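Numbers here are sequence positions counted from 1. The model shown is predicted, which means the values in this text are computed figures rather than measured ones.
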Amino acid sequence: AVADANAAVDRLGKDLVRLNATRDELANRQADAQAAFDKAKEQRRTALASDPSADITALSRAVRDAEDHAQMFADALADIEGQIASVTAERDAQELSG
């Protein structure tokens, strides 16, 4: 039983390493997507300030697309954080029972 508990703790530890690496990658990608969103907003603002005939539809679409992309990564990041919390709780329970 102790060996099984130790194996479970080891497996959960490996899961945490993998999940943390995924979280770090998603955080980097979300930061890049947020920067692209901020850039799209600035481009729209600049274009409209300098050229009142600028294509507001295309500029706004670019902003919406960039915002959706950033939000997608934020949602994925929140999901991974939840998985990390769940696996951490499971590992802690295994360590206490083992």
Side-chain angles (χ1 to χ4, degrees):
V2 171
D4 288 343
N6 287 340
V9 168
D10 288 344
R11 178 185 53 78
L12 292 167
K14 289 176 185 174
D15 288 348
L16 282 173
V17 168
R18 179 184 51 77
L19 288 168
N20 282 317
T22 300
R23 180 194 57 205
D24 293 346
E25 174 63 25
L26 285 172
N28 288 334
R29 293 178 74 182
Q30 198 275 332
D32 291 344
Q34 183 64 45
F37 172 51
D38 293 341
K39 182 178 178 182
K41 287 190 303 184
E42 180 59 31
Q43 287 174 334
R44 179 179 62 184
R45 183 174 41 249
T46 300
L48 292 174
S50 65
D51 180 8
S53 66
D55 187 352
I56 186 83
T57 302
L59 291 166
S60 293
R61 185 179 311 114
V63 170
R64 277 193 314 274
D65 289 350
E67 182 179 26
D68 288 349
H69 199 221
Q71 187 59 51
M72 176 192 67
F73 283 115
D75 292 346
L77 199 51
D79 289 345
I80 286 291
E81 291 287 352
Q83 290 177 36
I84 289 170
S86 178
V87 171
T88 298
E90 186 179 348
R91 183 199 60 195
D92 292 350
Q94 283 289 334
E95 286 177 340
L96 289 175
S97 69

### Task
Quick one: which residue pairs count as a ring-ring contact (aromatic ring centres under 6.0 Å, His included) with a foot in residues 4-23, not counting sequence neighbours?
none
### Partners meeting side chain to side chain donor-acceptor pair (under 3.5 Å) with Gln30 (sequence neighbours left out)
none
### Query
Can you list every pair that meets ring-ring contact (aromatic ring centres under 6.0 Å, His included) and has a residue in residues 4-35, with sequence neighbours left out?
none
### Message
If you apply the rule salt bridge (Lys or Arg N to Asp or Glu O under 4.0 Å), what do you find for Glu42 with Lys39, and how did you get there?
### Response
CA-CA 5 Å; Glu42 180 59 31; Lys39 182 178 178 182; over 6 Å; no
### Query
Taking only residues two or more places apart in sequence or in another chain, which ones pass side chain to side chain contact (heavy atoms under 4.5 Å, CB included) with Asp10?
none
#### Entry: Sequence neighbours excluded, every pair satisfying ring-ring contact (aromatic ring centres under 6.0 Å, His included) that has a member inside residues 7-46
none
Output side-chain donor-acceptor pairs under 3.5 Å for residues 57-73, partner residues at least two apart or in another chain, one line each.
| residue | atom | partner | partner atom | Å |
| --- | --- | --- | --- | --- |
| Ser60 | OG | Arg44 | NH1 | 3.4 |
| Ser60 | OG | Ile56 | O | 2.9 |
| Gln71 | NE2 | Asp75 | OD1 | 2.7 |

#### Entry: Pairs involving residues 6-36, ordered by first then second residue, that meet ring-ring contact (aromatic ring centres under 6.0 Å, His included) (sequence neighbours left out)
none
### Partners passing side chain to side chain donor-acceptor pair (under 3.5 Å) against Ser50 (at least two apart in sequence or in another chain)
none
### Query
Any link between Val87 and Val9 through a network of hydrophobic side chains (Ile, Leu, Val, Met, Phe, Trp, Tyr) touching at under 4.5 Å?
no
### Message
I'd like to check the side chain to side chain contact (heavy atoms under 4.5 Å, CB included) partners of Asp4; sequence neighbours left out, ordered by chain and number.
### Response
none
### Task
Not counting sequence neighbours, list each pair that qualifies as a salt bridge (Lys or Arg N to Asp or Glu O under 4.0 Å) and has a residue in residues 24-34.
none
Side-chain donor-acceptor pairs under 3.5 Å in residues 11-22, sequence neighbours left out?
| residue | atom | partner | partner atom | Å |
| --- | --- | --- | --- | --- |
| Asn20 | OD1 | Arg23 | NH1 | 3.2 |
| Asn20 | OD1 | Arg23 | NH2 | 3.1 |
| Asn20 | ND2 | Leu16 | O | 3.0 |
| Thr22 | OG1 | Arg18 | O | 3.1 |

### Message
Looking at every non-hydrogen atom in both residues, tell me the closest pair between Ala27 and Leu77 and how far apart they are.
### Response
N-CD1, 3.8 Å
### From Gln43 atom CD to Asp38 atom CG, the distance as rounded to the nearest 0.5 Å
11.5 Å
